[in-house]
Amino acid sequence: MSTKSLDQSGDLYDYIVSHGSEPPDEVLRELQKETEKVGLLARMQIDAEQGALLTWLTRAFGVRRAIEIGTFTGYSSLCIARGLPEDGALLCLDVSEEWTSIAQRYWERAGLSERIELRLAPASETLEALPMEESFDLAFIDADKTGYASYLELLLPRMRTRGVILVDNVLWNGAVIDPAKVDPDTEAIRAFNDQVAEDPRLDAMMLGRFDGLTLIRKR
Ligand SMILES: C[S@@+](CC[C@H](N)C(=O)[O-])C[C@H]1O[C@@H](n2cnc3c(N)ncnc32)[C@H](O)[C@@H]1O
């Protein structure tokens, strides 16, 4: 099979990001700069194009309640929150007080902190404690890779029918097709991808942009 996707690095990437209706504002740009100071781990942050996609999907699906698993310094949460209506709500799950304290500062700066609630605990514990009600319209999974399969199971009964679950890093820098890569994260993502592709409860497609993003709709 062949692809029609272009190489989108450099100037073309800047062109793409600047031609959305909401390119990154000052708050997002400054958050990206501050996150760079974290060092190598700054690579965990989603990029501007993916952020624009999150905002767009949140709006396009009329999302009122969203949940994010893996907040880090807050870039993706800001992008989801800005796509919500004023009375919308985003629940953020993470374990790091250090990183999410940065996120909280930027939620304030963006005037979005009223829409966002943070729960600091392992995501599986927070999810298990949530009521078994179909309450979320959109979920973004971007935390520890070995937890992906259980996060999906815990989320499904809490998602509305036709609710959308977005899952990041499903290509794991290409490692998913490299038989030499057998570390726990790669194995977990491979198993997760296989499971999603065959799951009759889900309507899923894998987008080959970013580090791979799977878009799932609960049937
Ligand atoms: C890839 S980063 C998230 C990046 C973020 N979505 C962004 O765009 O900036 C992964 C995050 O998952 C968090 N994390 C790791 N293990 C977790 C767990 N068991 N429960 C909840 N969060 C976890 C880490 O603390 C980290 O902030």
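Heads up: numbering here begins at 1 and tracks the sequence. As the structure lists them, so they are numbered: ligands from 1, and atoms in each ligand from 1.
- Although no hydrogens or angles enter the test, the distance criterion places no donor-acceptor pair under 3.5 Å between the side chain of Asp137 and the main chain of Gly62.
- Without hydrogens or angle criteria, Asn169 side chain to Asp211 main chain gives no donor-acceptor distance under 3.5 Å.
- For ligand 1, the atoms sitting less than 4.0 Å from at least one non-hydrogen atom of Ile46 are 7 (C), 8 (O), numbered in the order shown with element in parentheses.
- Looking at Thr100 against ligand 1, nothing comes within 4.0 Å, counting heavy atoms.
- Polar contact check, Asp94 against ligand 1: a nitrogen or oxygen pair lies under 3.5 Å apart.
- Any N or O atom pair closer than 3.5 Å counts here, and Ala143 shares no such pair with ligand 1.
- Applying the 4.0 Å criterion to heavy atoms of Trp99 picks out, from ligand 1, the atoms 25 (O), 27 (O).
- A salt bridge does not link Glu134 to Arg162: none of the charged side-chain nitrogens sits closer than 4.0 Å to a carboxylate oxygen.
- Checking Thr35 against Thr73 by side-chain atom types alone, a donor-acceptor pair falls below 3.5 Å.
- Set against the non-hydrogen atoms of Thr71, the atoms of ligand 1 under 4.0 Å away are 5 (C), 7 (C), 9 (O).
- Among protein heavy atoms, the minimum distance from atom 7 (C) of ligand 1 is reached at Ser76 OG, 3.4 Å.
- Ile80 and Ile69 fall into different hydrophobic clusters, where Ile, Leu, Val, Met, Phe, Trp and Tyr are joined by side-chain heavy atoms under 4.5 Å apart, directly or via other members.
- Residue Met44 places no N or O, backbone or side chain, under 3.5 Å from any N or O of ligand 1.
- No hydrogens or angles considered: nothing links the side chains of Asp94 and Ser96 as a donor-acceptor pair under 3.5 Å.
- Residues Tyr148 and Leu202 are members of one and the same hydrophobic cluster, defined by side-chain heavy-atom contacts under 4.5 angstrom among Ile, Leu, Val, Met, Phe, Trp and Tyr.
- Put simply, Met206 and Leu152 are part of the same group of oily side chains (I, L, V, M, F, W, Y) that touch within less than 4.5 Å, one to the next.
- Summary of contacts: the protein heavy atom closest to atom 20 (N) of ligand 1 is Ala123 N, 2.9 Å.
- Considering only non-hydrogen protein atoms, atom 23 (C) of ligand 1 sits nearest to Val95 CG2, 3.7 Å.
- Proximity of a side-chain donor or acceptor of Arg64 to a complementary backbone N or O of Asp87 within less than 3.5 Å is not detected.
- Numbered from 1 in the order shown, with element, the atoms of ligand 1 that lie under 4.0 Å from a heavy atom of Tyr151 read 18 (C), 19 (N), 20 (N).
- Side chain of Arg119 to main chain of Leu127: no donor-acceptor pair is present (N/O by atom type, distance under 3.5 Å, no hydrogens or angles).
- Residue contacts with ligand 1, taken as heavy atom pairs separated by less than 4.0 Å, involve Phe72 via backbone and side-chain atoms alike.
- Some N or O of Asp142 is nearer than 3.5 Å to an N or O of ligand 1, by distance alone.
- In terms of protein heavy-atom proximity, atom 18 (C) of ligand 1 is nearest to Asp144 OD1, 3.4 Å.
- Using a 4.0 Å heavy-atom cutoff, Pro122 is listed among the residues neighbouring ligand 1.
- Nearest residue to atom 9 (O) of ligand 1 from Gln45, Arg119, Arg43 is Gln45 (criterion: closest heavy atom).
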